[in-house]
Amino acid sequence: MSNRKGYVVPNVHSLIGAEQPSKTSDSLRHKLTTLSVITEFFPPDYAATGQLIEELVKQLEKQGINIKVFTGQPGYAFNTAQAPALEQLGHVRVQRSRSTQIWSNRIRGKAVNGVLFTLRAFLHMIRNAGKNDVFLLTSAPPFLSIAGYLTHLFLKSAYVCLIYDLYPDIAIALGVVSHKHWLAKFWWAINRQIWQKSTGIIVLSPAMKERVVAICPEVADKVSVIHNWGDPELIVPIAKEKNWFAKQHNLDSIFTILYSGNMGRCHDTDTILATAKQLQDEEIQFVCIGGGPKRESFIQDVKRLGLKNFLFLPYQEKSVLPYSLTACDLSLVSVQLGLENLVAPSKLYPALAAGRPIAAICPKDSYLRQLITDGQFGISIDNGDSDSLSKFILNLKSDRQLAEKMGNASREYLQSNFTPEIIAKQYINVLEKSII
């Protein structure tokens with residue numbers, strides 16, 4: 001499969017195979033004293049980053065790795081604003097810094113909170129760095145890896161950067177800052193220094209790897225593509241007529257399209273809205289579960305257009321996800337135009353586990369198109385092409401065998417490529433390299 005830039009996108013199986021580790025993690029356990037995971041978000045936060053890190057930590061723990069987590073107090077929790085400062089989850093030690101939530105719903109407030117957490121993380125790393133320890137630093141907040149870089153300068157500690165979202169590139173793509181601005185140039189310069197001193201860099205898609213290498217060619221050999229995952233043991237296909245969540249919200253007897261997760265600035269909601277407008281006279285229900293910066297404006301647009309085929313629900317507890325994610329006939333994933341090599345939607349993988357067809361609204365260069373082509377579990381739609389999405393929805397609605405075939409393919413594709421066990425082994429491979 002080729003894209004507009006003229007290079008060939010490799011088959012996803014070859015990518016996954018290239019990241020496969022050795023069969024045993026014995027060498028890692030013998031060399032690695034502690035893996036310290038540093039991330040601003042961790043349960044009871046429902047932020048996707050925190051949920052993913054929790055699942056990753058559990059899988060790495062099963063491999064016999066000693067793990068510590070340093071995180072913040074909940075900023076996006078359901079029922080609590082405070083969690084224990086020190087908590088033992090199995091053999092995993094979780095330490096939380098004191099809470100700082102200044103204007104947490106605003107961009108500037110989030111930036112301030114992120115800076116304060118980064119400072120606390122740096123002090124924690126300086127106090128707790130061991131000879132054979134490795135720090136795994138997420139991009140939540142985006143500048144957290146600076147703490148790893150400084151700790152390395154002082155103590156020669158090894159650190160691995162886990163990049164969920166690539167900054168300042170996202171801020172530039174969203175028009176928050178110009179690529180000519182001194183802040184963007186300074187941030188890129190800092191990123192180059194951080195990446196060069198790291199022992200490994202993990203990104204979520206081939207396109208993200210390409211972008212990182214374009215910024216800093218010297219780290220090409222350090223960058224590993226490791227996808228996110230879905231848990232097929234937690235999320236299992238449930239028929240809507242047997243699903244209490246679907247019944248509770250009157251979704252069990254109507255064709256339902258689900259968007260579940262963050263409605264952020266990086267996600268295309270306009271195409272979804274236009275599609276719903278085209279299908280407003282059909283017996284079709286759109287359901288949006290989650291939150292994010294675009295949620296309120298999305299709701300207002302639905303009201304302005306007088307659409308009656310939309311249902312908005314808040315984020316759901318993790319125990320509800322097996323039911324909310326299967327209370328549909330089609331799942332939607334979207335990436336805003338211009339952000340195809342900067343973000344990777346984590347909502348894709350639980351949707352695969354749910355065993356439903358998937359429609360990805362994304363730019364032509366998005367890695368999502370390669371996955372869909374390889375797995376045959378849905379369709380990819382150009383941003384703004386509500387006509388094609390509407391036709392696909394109507395086709396699925398009338399052809400239940402096609403819907404079932406694509407749903408089965410979703411589940412099979414996840415189980416073959418993106419389970420927590422498979423992905424954890426790929427992380428182990430990177431960690432092994434970081435201490436050789």
Side-chain angles (χ1 to χ4, degrees), residues 46 48 51 78-79 230-263 267 269 272-273 275-292 295 298-299 302-303 307-334 345-361 377-379 389-390 392-415:
Y46 54 70
Q51 299 287 340
F78 289 103
N79 301 314
D231 187 348
E233 295 182 6
L234 174 66
I235 310 296
V236 298
I238 303 173
K240 287 206 300 180
E241 59 269 19
K242 298 180 181 179
N243 185 328
W244 65 262
F245 187 91
K247 291 181 179 180
Q248 183 180 79
H249 297 285
N250 300 315
L251 307 175
D252 52 326
S253 59
I254 188 171
F255 192 88
T256 305
I257 296 104
L258 174 67
Y259 181 96
S260 179
N262 187 38
M263 292 168 244
H267 304 116
T269 56
I272 299 173
L273 183 68
T275 303
K277 183 179 179 181
Q278 287 182 228
L279 298 175
Q280 61 183 318
D281 296 326
E282 301 286 340
E283 291 187 4
I284 292 174
Q285 178 73 55
F286 286 78
V287 179
C288 292
I289 301 177
R295 186 178 191 270
F298 197 4
I299 292 174
V302 167
K303 291 180 178 178
L307 299 179
K308 305 299 183 183
N309 55 350
F310 259 100
L311 173 64
F312 288 90
L313 297 171
Y315 280 112
Q316 303 296 306
E317 295 274 8
K318 190 172 183 178
S319 61
V320 178
L321 291 180
Y323 305 97
S324 63
L325 291 175
T326 54
C328 68
D329 301 283
L330 171 68
S331 286
L332 298 179
V333 176
S334 75
S346 60
K347 59 177 65 67
L348 168 68
Y349 305 91
L352 289 171
R356 298 292 190 268
I358 294 173
I361 305 165
F377 52 79
I379 190 172
L389 182 53
S390 297
F392 178 65
I393 290 170
L394 291 173
N395 190 22
L396 276 187
K397 184 174 181 288
S398 62
D399 190 345
R400 304 302 293 186
Q401 287 186 335
L402 175 62
E404 183 177 355
K405 180 181 178 181
M406 287 185 170
N408 290 337
S410 290
R411 177 83 175 174
E412 291 170 5
Y413 194 65
L414 176 104
Q415 290 176 312

Nearest heavy-atom pair of [X] and [Y]: which atoms, and what distance?
X: Pro232; Y: Gly230; answer: CD-O, 3.2 Å
X: Ser410; Y: Phe377; answer: OG-CB, 3.1 Å
X: Lys347; Y: Asn262; answer: NZ-O, 3.7 Å
X: Thr275; Y: Ser390; answer: CG2-OG, 3.4 Å
X: Ala276; Y: Asn309; answer: O-ND2, 3.0 Å

(message) With a 6.0 Å cut-off (strictly less than), is the heavy-atom count around CD of Glu241, excluding the residue itself, greater than 12?
(response) yes
(message) Can you tell me if Phe298 has over 12 outside heavy atoms packed within less than 6.0 Å of its CZ?
(response)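 More than 12 within 6.0 Å, yes.
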How long is the span from the [atom1] atom in [X] to the [atom2] atom in [Y], to the nearest 0.5 Å?
X: Ile272; Y: Cys288; atom1: CD1; atom2: SG; answer: 6.0 Å
X: Met263; Y: Ser334; atom1: CE; atom2: OG; answer: 10.0 Å
X: Ile284; Y: Leu396; atom1: CD1; atom2: CG; answer: 9.5 Å
X: Leu307; Y: Ile299; atom1: CG; atom2: CD1; answer: 13.0 Å

(request) With side-chain contact (heavy atoms from CB on, under 4.5 Å) as the test, would you mind laying out the steps for Lys318 and Leu234 before giving the verdict? (result) CA-CA 9 Å; Lys318 190 172 183 178; Leu234 174 66; 3.8 Å; yes
(request) Just say parallel, tilted or perpendicular for the rings of His267 and Tyr259, cut-offs at 30° and 60°. (result)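 Perpendicular.
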Result block: side-chain N/O donor-acceptor pairs under 3.5 angstrom for residues 348-360, not counting sequence neighbours:
| residue | atom | partner | partner atom | Å |
| --- | --- | --- | --- | --- |
| Tyr349 | OH | His227 | ND1 | 2.9 |
| Arg356 | NE | Cys328 | O | 2.6 |
| Arg356 | NH1 | Ala354 | O | 3.3 |
| Arg356 | NH2 | Ile238 | O | 2.6 |
| Arg356 | NH2 | Thr326 | O | 2.7 |

Can you tell if the side chain of [X] reaches within under 4.5 Å of the side chain of [Y], non-hydrogen atoms only?
X: Met406; Y: Ile379; value: no
X: Phe286; Y: Val302; value: no
X: Leu321; Y: Phe245; value: no

Please set out all donor-acceptor pairs under 3.5 angstrom arising from side-chain atoms of residues 248-258, sequence neighbours excluded.
| residue | atom | partner | partner atom | Å |
| --- | --- | --- | --- | --- |
| Thr256 | OG1 | Lys240 | NZ | 3.2 |
| Thr256 | OG1 | Ile254 | O | 2.9 |

(message) Asp329 vs Arg400, test: side-chain contact (heavy atoms from CB on, under 4.5 Å). Steps then yes/no.
(response) CA-CA 10 Å; Asp329 301 283; Arg400 304 302 293 186; 3.1 Å; yes
(request) Output every pair passing side chain to side chain donor-acceptor pair (under 3.5 Å) with a member in residues 279-289, not counting sequence neighbours, ordered by first then second residue. (result) none
(request) Go through the steps for Thr269 and Arg295 under the test side-chain contact (heavy atoms from CB on, under 4.5 Å), then give the verdict. (result) CA-CA 9 Å; Thr269 56; Arg295 186 178 191 270; over 6 Å; no
(request) Determine yes or no for a side-chain-to-main-chain donor-acceptor pair under 3.5 angstrom, with Asn243 supplying the side chain and Tyr323 the backbone. (result)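 Yes: the side chain of Asn243 pairs with the backbone of Tyr323.
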